[in-house]
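The next block holds one structure in the form of structure tokens; read it before the comments.
The figures that follow rest on heavy atoms only: side chains count, while hydrogens, waters and symmetry mates do not. All of these numbers come straight from a predicted model, not from anything done at the bench. Atoms within a ligand are numbered from 1 in the order they appear, just like the ligands themselves. Positions are given from 1 along the sequence.
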Amino acid sequence: MIIDTPLIFEKSQKGCIGFKISKSTVPDTALNKFIPENMISNKGLNLPELTEFQVVRHYTNLSIKNHHVDKNFYPLGSCTMKYNPKINDSIALHPGFSLIHPNQLDSTVQGALEIYSNLEKVLLELTGMGAITLQPSAGSQGEMVGLLLMKKYHEDKKNKKKFVIIPETAHGTNPASVIMTGYNVRQVRSDSRGRVDIEHLKELIDDEVAGLMLTQPNTLGLFENNIEQISKMIHDVDGLMYMDGANLNALVGVAKPRLMGFDIMHINLHKTFSTPHGGGGPGSGPVAVNSRLKKYLPSGFINKSENNFYIDSNVETIGKVHTFYGNFGILVRAYVYILSLGNMGLKNIALYSVLNANYLKFLLSTNYEIPFSDGTLHEFVISAVKQKDKGIKALDIGKSLLDFGYHAPTVYFPTNIKESIMIEPTETEDKKTLEDFANAMISLDEKVDSDSDYLLSSPYNTPVRRLNEAKANRELDINYYEIQNK
Ligand SMILES: *Cc1c(COP(=O)(O)O)cnc(C)c1O
């Protein structure tokens, strides 16, 4: 196994080229006729020099080292790594979509505007909400946009609010978004059923509470079935209900967040609606709101006059949160996915993802501890406490799975379960894949007794073995300038 792949800059060889352009027939013109002298760089670009073939091989080899959902099962809990159908890409790459420019006149991009508008309609139907912005480019950005809307609502009403309540199982982006918006966090505990502890919530609610951020179903894959009571408690102090919609996969076509009392929510198109994610984007995290909050949405949304779509703005808006109107290519992919599934297909997302999670949970239940398992929807959390007692941690099991060619599940999150391993199979996996994975997990448990040294030194077949993960995160080794100056 080649561990040390040189950077493409290190592979550069003076004079190598991939492409020859014939001599220009346009007369040369000095650049400084168009660009001020002080803005022209004379340094050259310092790009690597390689043949086309070398570039293709370089990136193909890198892609093989990495794990991706086209390669094998990717049960990364919380992240909904479902299959991304290829038809999404082929339609998004149609020149009519991929070659248009956001500065074109509205009259020349009516089709694109119609797609925005239709996608908005479907998402509103599925969520029961009154208005939506497609601009945010991730769930986490959606959270911040949603919280800014919440803040604007309270400022307009001269409400003196300071806190947003978040369950202890929340995704890390939730508290981060709260702090960035200028609120502080109050953390509510989970009860013995893995849901929001209502008694503790009562203690936390007062007039300074701006709202509650709740993942529904929650991070343990459980439906917060006291949701109506919770919504009423928050609304009684004029707080707003924010739904982290990253788990919408379990609800699509089955339940509408607005009817549960949510006022604001984000949707991760790159999770629920099968657009690609990982590696930092581009994603898409539309934010849907109740009709009362519509006037605060970011400007630059699509409206329709008699027969023309046009781009509109809000007077009381929180501002703009993205260039133009969001990641168009991702929105097209989500829309294709929705159209290709149709009504019943959309509902089946929820039904099959719940079925798959429950089947897999059952297969694992003899060998692994499963603390909160009453009412599992689309994902579940097992615990490696039994294995830990014998010296094998959740981390070791995750690492050992890599040798089977699987991506490891999410480990040590949520934090209220010891040695947690969070598994989300998604609806796109077949029965055999789930059974093979379960067999791998079971064989690892059997090795805890028979060959624990094997588990402690795994993985054996990956490009790199055990990394110092804290160091790898803090000291990223990607600075190519340093390499150039070596
Ligand atoms: C993925 C996720 C987020 C953040 O969404 P991004 O699109 O990754 O920014 C927030 N909450 C939960 C529960 C998630 O699973």
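Using a 3.5 Å distance cut-off with no hydrogens or angles, the side chains of Lys82 and Thr428 do not pair a donor with an acceptor.
Sorted by first then second residue, the side-chain hydrogen bond (donor to acceptor under 3.5 Å, both in side chains) pairs that include residues 283-293, not counting sequence neighbours, are Tyr153-Arg292, Asp263-Asn290.
Among protein residues, Ser78, Ala138, Gly139, Ser140, Glu143, His171, Thr173, Thr215, Asp244, Ala246, Asn268, His270, Lys271 come within 4.0 Å of ligand 1, judged on heavy atoms.
Taking the six-membered ring where the residue is Trp, Phe324 and His101 present perpendicular rings, their angle passing 60° and hence far from 30°. Ring planes of Phe437 and Phe73: perpendicular class, angle over 60° (limits at 30 and 60°).
Put simply, the side chain of Gln141 gets close to the backbone of Ser137: a donor and an acceptor are under 3.5 Å apart.
Within a 6.0 Å radius of NZ in Lys320, more than 12 heavy atoms belonging to other residues, nucleotides or ligands are found.
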